[in-house]
Amino acid sequence: MTVASRTTESMATRISGPIVTASGMHAAQMYEVVQVGSLGLVGEVVRLVGDHATIQVYEDTTMIKPGAPILCTGAPLSVWLGPGLVGNIYDGIQRPLPGIQAHSGAWIRRGEKVAPLDTEKLWAFEPVVEPGEVIAEGHVIGKVEETPLVDHLIMVPPGLSGTIRTVAGKGKYRITDTVAVVETPEGPRDVAMYQQWPVRVPRPIRQRLRITEPLITGQRIIDTFFPIGKGGAAAIPGGFGTGKTITQHQLAKWSDADIIVFIGCGERGNEMTEVLREFPELKDPRSGRPLMERTILIANTSNMPVAAREVSIYTGITLAEYYRDMGKSVAVFADSTSRWAEALRELAARLEEMPAEEGFPASLPTRLAQFYERGGAVTTLAGERASVSIVGAVSPPGGDFSEPVTQHTRRFIRCFWALDTELANARHYPSIHWLHSYSEYVEDVGLWWKKEAADWVELRTEALTLLQREERLQQIVQLVGPDVLPDVQRLILFIAEIMKDGFLAQSAFDENDMYCSPERQISLLRIILTLYHRGRDLIQGGVPLMRIRSLSCVPLIMRAKSAYGNEELGKLGELKQMVMEETEALAKEYIKEGTLLCTPPST
Amino acid sequence: MHTTFDLEDRGLQYIGASRIEGPLVVVERVRDVGYDETVEILDPTGRPRIGRVLDISEKQAVVQVLEGTTGLSNKALRTRFLGESFCLPVSRHMLGRVFDGLGRPADDGPPPLSAEKRDVNGMPINPYARRYPREFIQTGLSAIDGMNALVRGQKLPIFSGNGLPHDRVSAQIMRQARLLDEEVEFSMVFAAMGVKHDVAEFFIRNFRESGALARAVMFFSLADSPSVERLLTPRVALTLAEHLAFDCGQHVLVLLTDMTNYCESLREVGTARGEIPGRKGYPGYLYSDLASIYERAGRIEGSPGSITQMAILTMPADDISHPVPDLTGYITEGQIVLDRELFQRGVYPPIAGLPSLSRLMKDGVGKGYTREDHPTLASQLFACYAYVKKVRGLADVIGEEELSTLDKQYLKFGEAFEMRFLNQGEFENRSIETTLELGWDVLSTLPKDELHRVSDALLKKYYREKAEGQACVAPPFGSATR
Ligand SMILES: Nc1ncnc2c1ncn2[C@@H]1O[C@H](COP(=O)(O)OP(=O)(O)O)[C@@H](O)[C@H]1O
Ligand SMILES: [Mg+2]
């Protein structure tokens with residue numbers, strides 16, 4: 001025991017797991033970062049009563065004793081924003097995991113202090129302003145090629161406006177170097193290539209905008225049936241093993257966003273390792289560049305400290321907002337928001353707060369709302385159109401969607417991809433249930449899709465209606481068997497089966513099918529609906545269903561999604577032609593002179 | 001309450017406690033005590049009991065007594081704080097030995113000589129330093145190898161129920177587990193929590209008969225040990241496993257049984273502390289707590305070793321949505337679910353076809369790992385078996401006679417799948433080729449056109465055109481639900 005620690009003014013008085021109480025904290029502020037004990041464990045002040053503070057510690061507090069010194073840093077928990085974020089992987093409080101490994105090997109020891117960004121690395125800076133120009137907050141003074149996929153714009157931080165006095169010339173600089181001096185009413189201010197921002201405060205924007213463009217994910221059930229817009233918010237709830245993580249990985253890989261922020265919040269370590277292994281290998285379908293060149297990872301896995309898990313969500317969204325401010329479209333994936341809510345619950349319980357539903361703090365809905373509200377389509381301070389889209393996984397206990405996190409999340413998102421255990425058990429992936437899911441962005445993104453296919457809305461509606469009718473027919477079948485149904489209705493069952501296997505199911509591991517371009521989505525859907533239309537006419541003309549079932553185009557339609565890649569739209573055209581010809585031949589056989597097929601071939 | 005200074009030993013010794021409740025003891029006015037510090041409490045007979053600090057303030061320490069509070073009294077209690085968190089001496093010479101739930105010798109051998117001591121809580125593995133598990137482990141069980149393959153470094157639990165043969169299944173896996181192209185043998189770390197003596201005996205016998213005893217370490221916190229002790233047992237076992245795997249480079253297979261008992265102890269402590277209970281009375285931090293155990297599996301950069309983890313848990317009332325299996329499933333990389341109905345029909349191993357899952361299978365099977373057709377075959381078997389379940393439901397309503405020809409074929413397939421593919425002997429060790437061939441055998445009882453997930457090329461190569469029991473009737477005319 002050291003006598004010195006006892007006489008220090010600010011010191012710990014009680015330690016209970018990640019919560020430390022301290023006395024002598026009269027100068028402390030709410031949400032200020034403090035360092036606890038001789039290891040300097042990072043913590044955050046979450047309550048102040050008199051000169052006592054309650055501190056939430058982001059690292060393991062084993063063997064911390066009452067009397068341990070507390071060092072106040074005077075600043076709220078903030079992240080570093082600047083070149084070098086992309087391609088990196090951080091823990092919940094933005095410590096770079098590669099740096100930690102270099103420093104202390106495979107295990108995360110306590111008290112690690114590694115700067116979030118490399119302060120020695122030189123970046124090629126190119127100014128876009130000249131001395132004498134008037135510049136407002138959030139405007140660009142220069143740019144840096146962060147990766148071949150990311151033009152990193154160096155901006156004047158929010159709250160700073162004035163006249164450029166000097167600006168650095170084209171050349172290589174460290175992120176801490178001053179690249180411009182701005183003359184403000186309060187005097188000259190240095191602008192470096194990086195800035196800091198408190199994670200719990202949203203970065204300012206000029207105004208919110210309506211969503212008009214879909215975030216194309218390459219996943220058929222999402223893009224075609226339950227689309228999310230750029231700037232939209234979606235929830236993906238499901239019991240364990242239903243596909244939350246794989247779906248989010250698919251979206252992170254193939255979405256047409258400029259920047260991806262993936263937050264592994266209280267989930268498996270190996271899943272982050274998998275991303276680290278795969279993303280550098282996979283190529284962005286649009287640019288052909290490695291996906292890692294536009295991706296930032298936050299990993300606060302389930303075995304890492306729970307308080308840091310709570311922050312990881314804010315760290316991630318702050319990084320996303322920063323890139324949004326450069327005028328980019330950013331997509332944030334949080335896997336899983338339930339683990340974050342549980343972290344809130346665990347900390348609230350330790351703070352002896354009054355619990356509301358199922359032990360969650362009464363502030364849960366507010367916290368969820370605050371998080372999802374940081375997404376959106378906006379005009380940035382610099383006047384650019386930009387967006388942050390948010391996709392949050394929800395892990396309801398027992399897969400029961402009536403629990404608080406799922407229910408409250410529903411209030412703040414507009415796109416709900418409900419994963420279904422039964423579908424997952426039958427290995428129908430993605431196990432997004434077509435009847436329990438919804439998207440409120442269909443109208444917003446409809447205009448965009450109409451450019452791809454004038455009848456997109458009709459195609460989509462018809463397909464969904466067919467699936468709904470199938471569900472009702474299945475209820476009858478379950479009671480009395482399929483034999484009582486007339487062929488027109490059994491055709492619906494048959495087509496729905498093709499729709500499920502040949503369109504909705506999409507394997508994340510199928511080379512040809514993991515990403516499905518919008519054009520191919522439409523082609524596949526058209527083929528299936530063509531078979532439906534022609535089949536309906538044939539049955540009306542007296543052709544038995546079994547003849548339609550045994551057309552040789554049927555197994556080809558079932559396998560078309562993985563047989564032909566995105567570049568082989570021609571093959572799909574041929575397949576559709578085959579459907580036309582085979583049904584035509586059937587018609588000729590059964591429907592003698594005078595009776596033509598009533599549906600014109602769809603375009 | 002008096003404080004005495006003990007010159008011969010480390011630290012201060014405190015006499016008396018202000019409160020004893022359940023597994024907790026509150027000691028007042030302690031000095032220089034850390035959170036999670038290890039405590040020795042002397043009971044009236046002078047025997048030390050191990051505890052640890054759950055909450056420490058300037059006023060008091062709340063101590064959880066791992067070996068129970070039975071027989072302790074407020075006045076006579078003597079407490080000593082040991083100045084460190086709970087540590088285990090680790091050494092490779094612990095292989096072949098039996099220890100109690102806190103890592104003390106429980107056989108006739110001496111305490112292990114070891115210079116290395118490790119905090120049993122371990123440290124989180126840096127996700128950046130993990131190596132992704134990929135090497136297929138052949139367990140010799142078709143239900144696992146064919147459909148839910150295990151890879152080295154995976155955590156794959158067995159969800160079971162009372163009276164189901166999880167012990168036999170896991171013993172068989174431990175006996176038969178091997179890599180395809182390497183002769184390295186697994187070291188085994190076995191942790192028993194709250195299970196009966198005969199279960200422990202069963203595993204000891206199994207290790208002995210298979211000649212694995214010298215490669216196995218056992219930690220027993222049996223049903224008659226104080227229940228709180230169990231909270232440390234898996235951590236103690238994993239601490240040794242980490243040493244064997246990452247310091248000594250061994251491939252370690254860890255078996256933890258029964259995690260339901262572990263969780264009940266956790267609930268007991270939570271209740272005693274007056275915590276707000278979560279679902280079914282389990283503490284709100286059950287997920288994080290379980291993760292701190294299960295995530296201690298895998299592979300890391302810079303070490304050739306690995307930890308493969310199999311936890312057994314019994315689902316109360318066979319309910320998979322009970323918090324223990326539910327939260328486990330959210331953390332582990334899949335689950336092997338035992339099914340009571342299959343068991344009652346005499347299928348061994350009664351591994352449920354649909355709810356079982358291996359999340360890491362996708363990266364450990366297929367071309368270059370097992371065989372090119374493996375992923376497709378598994379996926380198609382799952383899909384067809386799911387359909388069998390539907391047809392069976394329909395048959396219950398309308399009668400089997402009323403089913404279409406195709407649906408009857410599905411029923412036949414279901415039967416073949418369960419009796420020929422899933423079912424096997426307790427000492428039958430099938431090679432992966434045997435398993436895959438068997439898979440195609442049963443799949444070929446269905447018409448080719450039903451196998452939508454199989455590409456033409458694979459069909460040509462593996463589908464048995466005239467398999468036994470396969471109906472030769474051309475196109476299937478209608479079916480149950482379509
Ligand atoms: N789109 C998909 N394609 C193929 N397999 C999938 C897909 N989605 C899920 N899976 C399978 O389901 C398993 C569980 O998915 P995962 O995303 O890890 O579930 P969750 O995160 O909901 O627990 C995966 O390991 C994979 O085998
Ligand atoms: Mg997941």
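Lettering of chains follows the sequences in order, A, B, ..., and the numbering in each one begins at 1.
- Both the backbone and the side chain of A:M63 come within contact range of chain B, judged by heavy atoms closer than 4.5 Å.
- There is no contact between B:Y294 and chain A, counting heavy-atom distances below 4.5 Å.
- In this structure, the separation between NZ on B:K362 and OG on A:S507 is 10.5 Å, given to the nearest 0.5 Å.
- Only the side chain of A:R345 comes within contact range of chain B, judged by heavy atoms closer than 4.5 Å.
- Only the side chain of A:P555 comes within less than 4.5 Å of a heavy atom in chain B; its backbone stays farther off.
- Residue contact with chain B, scored on non-hydrogen atoms closer than 4.5 Å, is absent for A:P96.
- Under a cut-off of 6.0 angstrom, the local environment of CD in B:E301 is crowded, with over 12 non-hydrogen atoms contributed by other residues, nucleotides or ligands.
- Atoms OG1 and CZ, on A:T245 and B:R359 in that order, are 6.5 Å from each other to the nearest 0.5 Å.
- To the nearest 0.5 angstrom, B:D326 atom CG is 5.5 Å from A:F240 atom CZ.
- At a threshold of 4.5 Å between non-hydrogen side-chain atoms, the residues B:E242 and A:W107 count as touching.
- With salt bridges taken as basic N to acidic carboxylate O contacts below 4.0 Å, none links B:R453 and A:D510.
- When each of A:E422, A:E267, A:E358 is scored by its heavy-atom pairs under 4.5 Å with chain B, the top score falls to A:E267.
- Looking at A:E346, A:R339, A:E342 one by one, the single match for side-chain hydrogen bond (donor to acceptor under 3.5 Å, both in side chains) with B:Y287 turns out to be A:R339.
- A side-chain contact (heavy atoms from CB on, under 4.5 Å) with B:P127 is found for exactly one of A:L276, A:L297, A:I108, A:N303, namely A:I108.
- Top candidate by heavy-atom pairs under 4.5 Å with chain B, chosen from A:A106, A:G269, A:P305, A:S104, is A:A106.
- For a residue to count as touching a neighbouring chain, one of its non-hydrogen atoms must lie under 4.5 Å from one of that chain's; by this rule A:L479 touches chain B with the backbone only.
- In this structure, the portion of A:D501 lying under 4.5 Å from any heavy atom of chain B is its side chain and not its backbone.
- Of the N and O atoms on the side chains of B:S288 and A:R309, at least one donor lies less than 3.5 Å from an acceptor on the other residue.
- For chain B, the nearby parts of A:R268 are the backbone and the side chain; heavy atoms of each come within less than 4.5 Å.
- Under the side chain to side chain contact (heavy atoms under 4.5 Å, CB included) criterion, A:L39 pairs with A:L41, A:R110, not counting sequence neighbours.
- When heavy atoms are compared at a cutoff of 4.5 Å, A:T301 approaches chain B solely by way of its side chain, counted from C-beta outward.
- One distance of note links CG of B:L327 with OG of A:S395; it measures 10.0 Å at 0.5 Å rounding.
- Contact annotation for A:Y90: neither backbone nor side-chain heavy atoms come within less than 4.5 Å of a heavy atom of chain B.
- Contacts of A:V306 with chain B are made by side-chain atoms alone, with heavy-atom separations under 4.5 Å and no backbone atom involved.
- Within 6.0 Å of the OH atom in B:Y128, the count of heavy atoms belonging to other residues, nucleotides or ligands does not exceed 12.
- For chain B, the nearby part of A:I64 is the backbone; its heavy atoms alone come within less than 4.5 Å.
- Looking at residues two or more places apart in sequence or on another chain, you find no side chain to side chain contact (heavy atoms under 4.5 Å, CB included) involving A:A563.
- Geometric assessment of A:R14 against the ring of B:Y35 yields a negative cation-pi assignment under the 6.0 Å and 45° thresholds.
- By number of non-hydrogen pairs under 4.5 angstrom with chain B, the leading residue of A:N425, A:I19, A:D91, A:V20 is A:N425.
- Distance check, rounded to the nearest 0.5 Å: CE of A:M304 to CD1 of B:I125 gives 11.5 Å.
- Between chain B and the options A:A299, A:A343, A:P98, heavy-atom pairs under 4.5 Å are most frequent for A:P98.
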